[in-house]
Enquirer: 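This is the structure I want to talk about, given as structure tokens.
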Amino acid sequence: MEKQIVKVGLMGFGTVGTGVVRIISAHQEDLQKQTGLGIEIKKVLVQDAEKARNIRAMENKLTTDPAELLEDAEIDVIVEVIGGISPAKEYILGALERGKHVVTANKDLMALHGAEILNKAQEKGCDVFYEASVAGGIPILRALVEGFSSDRITKMMGIVNGTTNYILTKMSQEGADYAEVLKEAQALGYAEADPTSDVEGFDAARKMAILATLGFRVPMKLEDVDVKGISAVGREDIAYGKQLGYEVKLLGLARRDGEAVEVSVQPTMVPKSHPLASVNGVFNAVYVHGEAVGETMFYGPGAGEMPTATAVVSDLVTVVKNMKMGVNGRGMVAPYKEKILKDDSQKLSKYFLRIVVADKRGVLAKITQMLADKNISLEQVIQQPYNNGSQAEIIMITHLSSKSDMNSVIADMEEMEIITEVKSCYRVEGGDQQ
Ligand code: NAP
Ligand code: HSE
């Protein structure tokens with residue numbers, strides 16, 4: 001007899017798992033109309049079955065034994081929203097081994113072990129979808145794989161971490177204190193269990209590795225991504241940025257020139273006129289430039305219970321539709337291009353520099369000469385008194401420079417007697433020539 005109901009094993013009943021339960025129960029009729037099959041959560045794996053929950057559904061379905069989901073032949077799909085590497089990886093591979101399809105929101109796992117998981121899925125003819133792993137509620141992975149399948153993507157810029165965007169927005173708009181806003185983001189369920197992953201840029205780096213792999217069709221690894229977080233971003237950087245017409249964003253950048261690619265995540269000055277500069281709070285956005293299509297941008301909530309759960313349940317709908325049509329295991333195309341990484345001399349950008357100098361005649365001239373010796377010219381400069389006027393602070397925006405030239409300038413500046421301190425250096429992206 002043909003199957004009428006697809007049974008799902010839900011692993012994890014925290015922020016995202018709770019949203020998944022709410023959406024499946026509230027949209028049951030719509031989901032059935034779209035897929036032609038009912039969707040029922042049969043079992044829910046948690047760590048602590050006695051824990052008080054803010055949702056009463058599923059009370060008699062909770063278990064702490066993964067075998068109750070993995071060994072249940074009636075369960076066709078495992079939805080993994082536990083997070084972390086282990087035991088999530090073992091559970092997913094175990095599910096695939098038994099011919100069960102998988103939906104996951106786990107970017108840590110997909111960025112580090114995606115190739116192994118996708119190979120196992122292919123071997124077993126199973127689906128693995130992970131839309132929720134990047135940019136929460138924005139269907140960006142499907143857009144890259146399907147919507148841009150005819151084009152060649154040259155550049156992606158992403159605000160892909162909601163927690164840091166929430167913090168930077170509050171610092172910029174309200175002058176808020178970094179540590180306090182981080183606590184707020186944690187209370188709202190945006191931050192990772194260990195928020196170091198958010199603020200030091202690792203969460204965004206995992207998402208950028210996934211985006212670059214799918215967008216450039218190149219097998220990018222996490223270690224290929226240059227990462228710097230926001231913990232050292234000061235209110236002064238934000239204020240000077242604003243004065244010069246920029247907002248500071250933790251920006252993921254994936255750029256391809258010819259066949260060579262670069263991927264980075266770092267605090268970046270974005271011109272206020274660029275649409276990414278207006279992406280505020282927990283919102284995420286991914287700007288995609290394709291050779292044929294030109295500029296596009298995807299915008300939406302990047303974290304939180306319901307936005308993330310919509311992406312998970314949409315993946316589940318795709319799995320169920322595939323089951324109905326008998327086409328599971330053909331979803332994601334494996335990266336097929338050779339990975340050629342740029343070296344630092346090929347990574348071009350404008351830079352924002354803030355330095356403290358001795359307030360003496362001729363200092364600015366010496367600094368501009370030293371930059372000129374490295375082929376770096378200046379687009380904007382401001383000078384302010386510093387430390388009651390005994391020193392000066394110079395804030396500069398350069399024209400395009402290579403990362404290697406900029407690194408060498410900073411090393412030289414740190415040795416110069418007239419320079420007391422190099423306070424900060426950020427990439428500037430999203431302007432006219434970029
Ligand atoms: P969470 O609130 O911490 O929930 C984790 C759930 O997994 C809890 O129900 C916990 O059980 C269960 N769990 C943890 N370890 C387990 C283990 N060893 N065995 C069985 N169950 C275990 O996490 P979340 O925020 O929902 O995140 C889930 C996943 O979604 C992560 O991969 C995260 O990166 C990703 N994600 C989250 C968001 C977001 O906005 N939160 C957005 C996009 C992607 P108990 O309830 O018993 O403690
Ligand atoms: N901690 C992540 C963020 C959750 O803040 O974006 C969504 O992946």
Side-chain angles (χ1 to χ4, degrees), residues 9-22 43-55 58 62-70 78-92 103-112 130-138 140-141 158-169 181-182 184-208 210-211 229-230 250 252 265 279 281-286 300-312 315:
L10 177 63
M11 294 187 161
F13 196 25
T15 304
V16 183
T18 303
V20 168
V21 169
R22 287 193 215 278
K43 279 274 168 200
V44 181
L45 179 71
V46 291
Q47 208 164 22
D48 175 4
E50 306 305 318
K51 187 168 155 180
R53 314 245 161 214
N54 56 6
I55 175 171
M58 305 286 128
L62 299 187
T63 177
T64 54
D65 180 5
E68 284 194 37
L69 286 74
L70 294 172
I78 292 291
V79 171
E80 183 277 310
V81 284
I82 290 174
I85 304 299
S86 187
K89 181 183 174 199
E90 293 76 15
Y91 294 165
I92 286 179
V103 172
T104 176
N106 196 330
K107 61 253 162 175
D108 307 25
L109 187 57
M110 292 312 290
L112 283 170
Y130 48 104
E131 184 64 70
S133 66
V134 181
I138 311 175
I140 183 66
L141 301 193
I159 295 175
V160 288
N161 182 268
T163 303
T164 46
N165 205 45
Y166 185 80
I167 295 172
L168 290 173
T169 302
V181 199
L182 172 57
E184 264 178 50
Q186 285 178 287
L188 289 164
Y190 303 150
E192 297 302 301
D194 175 3
T196 314
S197 175
D198 295 294
V199 297
E200 295 307 341
F202 306 128
D203 175 78
R206 289 171 193 136
K207 292 167 178 169
M208 289 310 296
I210 294 172
L211 287 181
I230 64 159
L250 183 68
V265 168
V279 175
V282 71
F283 278 84
N284 280 195
V286 183
E305 178 184 320
M306 298 308 271
T308 310
T310 59
V312 172
D315 277 350

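All ligand and atom numbering here is 1-based and tracks the order in the structure.
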Enquirer: Does any N/O atom on K207 come nearer than 3.5 Å to any N/O atom on ligand 2?
Expert: yes

Enquirer: Measuring from E68:CD to L45:CG, what's the distance to the nearest 0.5 Å?
Expert: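 Between E68 CD and L45 CG, I get 9.0 Å after rounding to 0.5 Å.
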
Enquirer: So which protein heavy atom does atom 6 (O) of ligand 2 come closest to, and at what separation?
Expert: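 Nearest neighbour among protein heavy atoms for atom 6 (O) of ligand 2, to 0.1 Å: G162 N, 2.7 Å.
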
Enquirer: Are E80 and ligand 1 in contact, using a heavy-atom cut-off of under 4.0 Å?
Expert: no

Enquirer: Under 4.0 Å from ligand 2, counting heavy atoms only, is it the side chain of D198, its backbone, both or neither?
Expert: side chain

Enquirer: Heavy atom under 4.0 Å from ligand 1: found in E192's side chain, backbone, both, or neither?
Expert: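 For E192, only side-chain atoms sit under 4.0 Å from ligand 1.
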
Enquirer: Nearest protein heavy-atom contact for atom 8 (O) of ligand 2: which residue, which atom, what distance?
Expert: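 Protein heavy atom with the smallest distance to atom 8 (O) of ligand 2: K107 NZ, 2.6 Å.
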
Enquirer: Students should be able to answer this: which protein heavy-atom is nearest to atom 5 (O) of ligand 2, and at what distance?
Expert: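 Here the nearest protein heavy atom works out to T163 OG1, 2.6 Å.
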
Enquirer: For ligand 1, which atoms have a heavy atom of P87 less than 4.0 angstrom away?
Expert: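 Listed by number with element, the hits are 18 (N).
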
Enquirer: Using a heavy-atom cut-off of under 4.0 Å, does the side chain or the backbone of K51 touch ligand 1, or both, or neither?
Expert: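 K51 to ligand 1: side-chain contact only, backbone stays beyond 4.0 Å.
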
Enquirer: As a check for students: among L62, V16, L10, identify the option with a heavy atom nearest to atom 26 (O) of ligand 1.
Expert: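 Of the listed residues, V16 has the closest heavy atom.
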
Enquirer: Can you tell me the protein heavy atom closest to atom 4 (O) of ligand 1 and the distance?
Expert: G14 CA, 3.3 Å

